[in-house]
There are 2 protein chains.
Amino acid sequence: MRVTCKYEYVNNSIEEFKEQLRKVGLRITPARLVILTLLQNHSKPLEVRSVLRLLKASAPDQATVYRALSSLTTCGLVKAITLKSGIVSYEIANLPHHHHLICERCGYVEDVETCCESPRPRVASFTIVNDHRLEFSGICNNCA
Amino acid sequence: MRVTCKYEYVNNSIEEFKEQLRKVGLRITPARLVILTLLQNHSKPLEVRSVLRLLKASAPDQATVYRALSSLTTCGLVKAITLKSGIVSYEIANLPHHHHLICERCGYVEDVETCCESPRPRVASFTIVNDHRLEFSGICNNCA
DNA sequence: TAATATATGCGAATTATTTGCATTAGATAA
DNA sequence: TTATCTAATGCAAATAATTCGCATATATTA
């Protein structure tokens, strides 16, 4: 399906995104759709900077991008992951469960299915433990 | 041992820190020692902002703090960890192997010993995998 | 289609981080 | 020790990143 509006995008999951937005009570807006689409089309997590750069042309305003990423993350449609480097990146939330392997030199990120088989920690000061993130790091072939 | 110099600090590991700095080839300076001491005295990882705030009085200049955290991290004396929230925090590197459990509401961090028992991922695009970080998140008692 | 509340764009304000450069102070060797 | 060399610091200023206020536009709902 091709949709032309203020910003242009090509996407097959538009209806899905709309449904998700509806479900979490966020309005369906071009800015949110274009950002969801962008994240979906990139298999790798994207930093804000990249999102801004990739959308630059007729893109939503930068404040809008920040606000959209924030609301989408809060509502769980997008995941914010933070790599060892300290840079926050965003990815579509409903990907199959996976983790990341990141190159310490160049920042290249690879998804890995390896998961954490250990039990959830039991700590007196916490009531609920409901999520985990596992990140491996090393040196990619290019940098080695 | 009590050492008074341009900035003041109380510490029992000064000699250890000096030895570590020597080993990695960084000069032994008051700024580095005071930052290592601060990180050591806090059991929790600290963000740059907190480091700056806690040191404020007769502290090293902010540019110096950034530079020191950076060089200490590069040389491996300090670890930069990035929590789900996207905030980068720093902790002394030579703590026993552990991971973190963070409250999604308030950011409270607890160290946990639970580790990842799964095998290191084998991925064609990576030559070396040499580290991992595991982060659990949930709701702490205070927020629950 | 009208009413209303949310989202956007824009500019400006904040906040965070980095840089250049003159000066200070570790380290090293005589 | 002291002289020498180089890295580290402080300061001010530049840059980058993020947030905010507010008028306008737009999605939703009835």
Side-chain angles (χ1 to χ4, degrees), chain A residues 3-9 14-15 17-36 46-75 77-78 80 82-83 85-90, chain B residues 3-9 14-15 17-36 46-75 77-78 80 82-83 85-90:
Chain A
V3 181
T4 303
C5 67
K6 197 163 173 194
Y7 339 109
E8 195 172 305
Y9 46 81
I14 291 286
E15 289 312 320
F17 290 149
K18 287 184 178 173
E19 182 52 31
Q20 293 179 323
L21 286 167
R22 224 172 265 124
K23 205 172 288 172
V24 299
L26 285 181
R27 288 190 177 175
I28 296 165
T29 69
R32 284 174 184 150
L33 291 176
V34 82
I35 286 173
L36 287 168
L46 288 176
E47 335 170 4
V48 177
R49 197 193 320 189
S50 306
V51 174
L52 288 170
R53 184 160 32 77
L54 290 166
L55 294 181
K56 63 172 176 259
S58 57
D61 182 78
Q62 64 168 34
T64 301
V65 170
Y66 277 102
R67 286 186 279 225
L69 286 172
S70 165
S71 61
L72 292 170
T73 302
T74 302
C75 293
L77 302 200
V78 163
T82 55
L83 305 171
S85 60
I87 294 171
V88 189
S89 300
Y90 296 88
Chain B
V3 182
T4 302
C5 67
K6 197 164 173 194
Y7 340 108
E8 195 171 306
Y9 46 81
I14 291 286
E15 290 311 319
F17 290 148
K18 288 185 178 175
E19 182 51 31
Q20 292 179 322
L21 286 168
R22 224 172 265 123
K23 206 173 286 173
V24 299
L26 285 181
R27 286 188 179 177
I28 295 165
T29 68
R32 286 176 183 149
L33 292 176
V34 81
I35 286 172
L36 287 168
L46 288 175
E47 335 171 4
V48 177
R49 195 193 323 189
S50 306
V51 173
L52 287 170
R53 185 161 31 77
L54 290 166
L55 294 181
K56 64 172 175 257
S58 56
D61 182 77
Q62 63 169 33
T64 301
V65 170
Y66 277 102
R67 286 186 278 225
L69 286 172
S70 165
S71 61
L72 291 171
T73 301
T74 302
C75 292
L77 301 200
V78 163
T82 55
L83 305 171
S85 60
I87 295 171
V88 189
S89 301
Y90 296 89

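Chain A is the first sequence line, chain B the second, and so forth, proteins listed ahead of strands; every chain is numbered from 1.
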Axis bend over the full length of the helix from C:dT1-D:dA30 to C:dA30-D:dT1, computed from five pairs that close each end, to 10 degrees
50°
Between [X] ([atom1]) and [N] ([atom2]), how many Å, whole number?
X       : N      : atom1 : atom2 : result
A:Leu21 : C:dT6  : CG    : P     : 16 Å
A:Glu47 : D:dA17 : CD    : P     : 9 Å
B:Leu52 : C:dT15 : CG    : P     : 14 Å
A:Tyr66 : C:dA13 : OH    : P     : 19 Å
B:Gln62 : D:dA14 : CD    : P     : 15 Å
B:Arg53 : C:dT15 : CZ    : C1'   : 15 Å
A:Asp61 : D:dA23 : CG    : C1'   : 14 Å
A:Leu55 : C:dT8  : CG    : C1'   : 15 Å

Without placing hydrogens or testing angles, list every side-chain donor-acceptor pair under 3.5 Å for residues 65-74 of chain B, not counting sequence neighbours.
| from | atom 1 | to | atom 2 | distance (Å) |
| --- | --- | --- | --- | --- |
| B:Ser71 | OG | B:Arg67 | O | 3.3 |
| B:Ser71 | OG | B:Ala68 | O | 3.1 |
| B:Thr73 | OG1 | B:Leu69 | O | 2.6 |
| B:Thr74 | OG1 | B:Ser70 | O | 2.8 |

Could you state the interatomic distance from [atom1] ([X]) to [atom2] ([Y]), rounded to the nearest 0.5 Å?
X       : Y       : atom1 : atom2 : value
A:Leu21 : A:Arg32 : CG    : CZ    : 7.0 Å
A:Ile28 : A:Ile14 : CD1   : CD1   : 10.0 Å
B:Leu46 : B:Leu55 : CG    : CG    : 9.0 Å

According to the salt bridge (charged side-chain N to carboxylate O under 4.0 Å, His left out) rule, which pairs have a member within residues 20-30 of chain B, sequence neighbours left out?
B:Glu19-B:Arg22
Pick the nucleotide of DNA chain D nearest each of B:Gly25 and B:Ala63; which residue has the one closer to the 5' end?
B:Gly25
Taken in chain and number order and not counting sequence neighbours, the residues that satisfy side chain to side chain contact (heavy atoms under 4.5 Å, CB included) with B:Gln62 are B:Leu52
With heavy-atom distances below 4.5 Å as the criterion, would you say the side chains of A:Val48 and A:Val88 are in contact?
no
Should A:Leu33 and A:Lys18 count as side-chain neighbours, where that means a heavy-atom distance under 4.5 Å?
yes
A:Val65 or B:Val48: which one's nearest nucleotide on DNA chain C is closer to the 5' end?
A:Val65
Categorize B:Ala68 for me: base, sugar-phosphate, or nothing, with a 4.0 angstrom heavy-atom threshold over every strand shown.
nothing
Within the 4.0 Å heavy-atom criterion, would you say A:Arg67 contacts the bases, only the backbone, or no part of the nucleic acid?
base
I want to check one thing: is the phosphate of D:dA8, taken as OP1 and OP2, less than 4.0 Å away from some side-chain N or O of B:Thr64?
no
Quick one: is B:Arg49 getting a side-chain N or O under 4.0 Å of the C:dT15 phosphate, OP1 or OP2?
no
Restricting to nitrogen or oxygen on both sides, can you table the protein-nucleotides 27-30 of chain C pairs closer than 3.5 Å?
| from | atom 1 | to | atom 2 | distance (Å) |
| --- | --- | --- | --- | --- |
| C:dA27 | OP1 | B:Ile28 | N | 3.1 |

